[in-house]
Enquirer: 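To start, I am sharing the structure in question, which I have written as structure tokens.
Chain letters run A, B, ... following the sequence lines, proteins first, then strands; residues in each count from 1. Hydrogens, waters and symmetry mates play no part in the numbers below; they use all other heavy atoms, side chains included.
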Protein chains: 2
Amino acid sequence: MSKVDIKSIAKALNLSKSTVSRAFQSNSDINANTRSRILAYANEVNYRPNHYASNLREQKSKTIAVVVPELENNYFTQIIKGAEQIAKEAGYHTLVYATDDNVCKEREFVTSISNGKVDGVLMSVVGEGHDHSYLFNIDLVKMPIVFFDRLYDDVAIPGITTDDYQSSFEATEHLIQEGCKSIAFLVIDKDHSIGKERCMGYTDALKKHQLPVREELIVNCSNSYTENFVIITDLLTTDKPDAVFASVERLAFSTYYVCNHLGVSIPDQVKVVAFSSLQIAELLSPPLSTIVQPAEQIGREAARLLLKNLKNPNLTPSTDQIVLKSELKIRKSSQG
Amino acid sequence: MSKVDIKSIAKALNLSKSTVSRAFQSNSDINANTRSRILAYANEVNYRPNHYASNLREQKSKTIAVVVPELENNYFTQIIKGAEQIAKEAGYHTLVYATDDNVCKEREFVTSISNGKVDGVLMSVVGEGHDHSYLFNIDLVKMPIVFFDRLYDDVAIPGITTDDYQSSFEATEHLIQEGCKSIAFLVIDKDHSIGKERCMGYTDALKKHQLPVREELIVNCSNSYTENFVIITDLLTTDKPDAVFASVERLAFSTYYVCNHLGVSIPDQVKVVAFSSLQIAELLSPPLSTIVQPAEQIGREAARLLLKNLKNPNLTPSTDQIVLKSELKIRKSSQG
DNA sequence: TTGTATGCGTTATCAA
DNA sequence: TTGATAACGCATACAA
């Protein structure tokens, strides 16, 4: 199969390159017959435009990147799904990248794509604790970014988040109303971003109901299942809380494993609520009470916002912050 | 921020474009001092090579596509994760595309990227029933493809699959040994590809143990949860099987929902086994017996095979078929 | 070791 | 309506 490009088509049909090129443009001055002749032949020889060349020429790639901390989490894959759907509708492709919660990988990737690999980026950042000054070197007009889920609030970049404080507050209040007096809060990083917001919702709810905020019940966990198993086992045997509020899905799973292992009954001895977008939460033993973030919608909104910025390349990109509502789904794990 | 490219750097340093270009190539004749001077300045002005241009020039994009039927399935996201990992290590980016089990979308996407958008493709195809002749128009030397999970066996394209027949046979045998006499088999499409293999494993196991193969127990399901709910409710109330073997994860979830709804006890009244890569299968109520496919490994192997083909662009791509082993994890849902 | 010139495949400007 | 030509930014063959 020899190379088929605009030039070869032109030669075969005894036309010029420009005429052939025009046949593929929608609003171009070209004779209808010539066009259909070209299209017919192009179809016959199975012509596909060369992306390298048109991208170079047009200075856009019709591709967006979606950067997530991890892929093995329903929450993020639902977001990707939503984003991919909107992107697809607008004729964009989607590049997916997992940072493995590593800010170096984040920086390296975003920097490497910042000159033409993609037209824009959707990103859930690694975390505020780290140095993210690399973002100041990115030309955000050339490659707009939209944050979702987590964000850096010292950069003027639009973002989609959820009402973390409010839903955390409600979930805690729910546990209090179920009679819980010592509620543990499991978090990855209580001092930053999402963890911080969620932690504040938790403590404020305690305060409102005159319950003490006990530092030992605010437990910093890690990303490792084995480490968390130890941490949570320790928590349940030492401090014996009557409820566990997991600020991240994974920590709820670990709590279930530990409870199974220790023979601790959920919800009789410990009630559990978690931030989670797991679709089969109801099938767990016992069904898990969840705060469900509208993951797909987050992805869709983020993509829409990005595409909007992509449409107006000359304007300073909007820096809207959109906050979506999560939903508390009360199930057996936190009741009775 | 004015445009920073090789030309502007060259002008600033009083060098020629080619010298500057050389500074970024690893094995190029260039004075060490000149190089470091260029790199220093490039770093200062935050230079990034333009992907459009170098791709066009080098005829490669350093990007692979991963095409999956759906994203909301742990199995496929684990595969993506494995593939992305290998791709990343080799300096490749990963484009993800969901076909929504629609062969038109599959064709459209693969065709649209077949001239330079990506260097190669990993793909789990929509299904054998459909017309996939478009693949014959793809130049597989220019853009190699590797199948995983599902494949078309009338095209000479390498693939990674699992031992579907064997593990299906074993799972069925396990149910028989647990005393089941009427085992239902839930499948999406029993006549093709994966469904076919798995169905044969099931029927052969029945035959080996002198159990009748009853057509009404081989149930074609759909991709819709609501439709499946009706189908499975009907199955459980009419035919009253003593076991359900779900050839796809989703169908096991539906079975759980239906059993909960009907008050049918798993495993006492119905035992359940399923193909599933769900990591928290153990936390379900009851813990679900699964046939676990090595999803991440599939992704890794597929990516490795593709990268191997990408290394030898002149050779006819290898057409290896690699078969990986799945593992039967027996849990409470199929015991006692 | 460095500079000059050319081409990758496409689109856009201008002239015919 | 069509054709000739330049340009997008980079990398290489060849010349100096």
Enquirer: For A/Lys7 and C/dG9, what is the distance between atoms NZ and P respectively, to the nearest whole Å?
Expert: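 Rounding to the nearest Å, NZ of A/Lys7 and P of C/dG9 are 7 Å apart.
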
Enquirer: Using a strict cut-off of less than 4.0 Å between a Lys/Arg side-chain nitrogen and an Asp/Glu carboxylate oxygen, indicate whether A/Lys62 and A/Asp119 qualify as a salt bridge.
Expert: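 Looking at A/Lys62 and A/Asp119, the cut-off is not met.
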
Enquirer: Using whole Å, what does the distance between atom C1' of nucleotide C/dT1 and atom CZ of B/Arg37 come to?
Expert: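 Nearest whole value for this atom pair: 13 Å.
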
Enquirer: Check A/Lys308 with A/Asp320, please: is the shortest side-chain N to carboxylate O separation under 4.0 Å?
Expert: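 Answer for the salt bridge query: yes.
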
Enquirer: Please determine whether a side-chain nitrogen or oxygen atom of B/Thr19 lies at a distance below 4.0 Å from atom OP1 or OP2 of C/dT2.
Expert: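 No, B/Thr19 has no side-chain N/O under 4.0 Å of OP1/OP2 on C/dT2.
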
Enquirer: Taking 4.0 Å as the cut-off, does a side-chain nitrogen or oxygen of A/Lys3 come that near to OP1 or OP2 on C/dG9?
Expert: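 True: A/Lys3 side-chain N/O within range (under 4.0 Å) of C/dG9 OP1/OP2.
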
Enquirer: Applying a 4.0 Å non-hydrogen cut-off, can you work out what A/Leu56 is touching in the nucleic acid: base, sugar-phosphate, or nothing?
Expert: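 Since a base atom lies under 4.0 Å of A/Leu56, the category is base.
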
Enquirer: In whole angstrom, give the distance that lies between atom CG of B/Leu13 and atom P of C/dG3.
Expert: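 Interatomic distance, CG of B/Leu13 to P of C/dG3: 11 Å.
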
Enquirer: So, A/Tyr47 versus A/Tyr41, ring centres under 6.0 angstrom or not?
Expert: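 That pair fails the under 6.0 Å test.
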
Enquirer: Would you call the rings of B/His132 and B/Tyr152 parallel, tilted or perpendicular if under 30° counts as parallel and over 60° as perpendicular?
Expert: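 Because their plane-to-plane angle is under 30°, the rings of B/His132 and B/Tyr152 count as parallel.
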
Enquirer: Hydrogens and angles aside, do A/His51 and B/Asn55 bring a side-chain donor and acceptor to less than 3.5 Å of each other?
Expert: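 No donor-acceptor contact under 3.5 Å links the two side chains.
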
Enquirer: Quick one: what's the B/S/- string for nucleotides 11-16 of chain C, heavy-atom cutoff under 4.0 Å, read 5' to 3'?
Expert: BB----

Enquirer: Check every nucleotide of DNA chain D for an atom under 4.0 Å from a heavy-atom of chain A, then give the first and the last such nucleotide from 5' to 3'.
Expert: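 Using the under 4.0 Å cut-off, the span is D/dT1 to D/dG9.
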
Enquirer: Map A/His51 and B/Ser16 onto DNA chain C by nearest heavy atom, then report which one ends up closer to the 5' terminus.
Expert: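 Taking each residue's closest nucleotide, the earlier one in sequence belongs to B/Ser16.
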
Enquirer: Taking the basic N atoms (NZ, or NE/NH1/NH2) and the acidic carboxylate oxygens, is any pair closer than 4.0 Å for B/Glu84 and B/Lys81?
Expert: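 Judged by the 4.0 Å cut-off on N to carboxylate O distance, B/Glu84 and B/Lys81 do not form a salt bridge.
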
Enquirer: Assess, by modelled atom type and distance only, whether the side chains of A/Tyr75 and A/Asp149 contain a donor and an acceptor separated by less than 3.5 Å.
Expert: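 Indeed, the side chains of A/Tyr75 and A/Asp149 share at least one donor-acceptor pair under 3.5 Å.
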
Enquirer: Taking B/Asp101 first and then B/Arg150, would you say they form a salt bridge - that is, a charged N and a carboxylate O separated by under 4.0 Å?
Expert: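 Yes, charged N to carboxylate O under 4.0 Å.
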
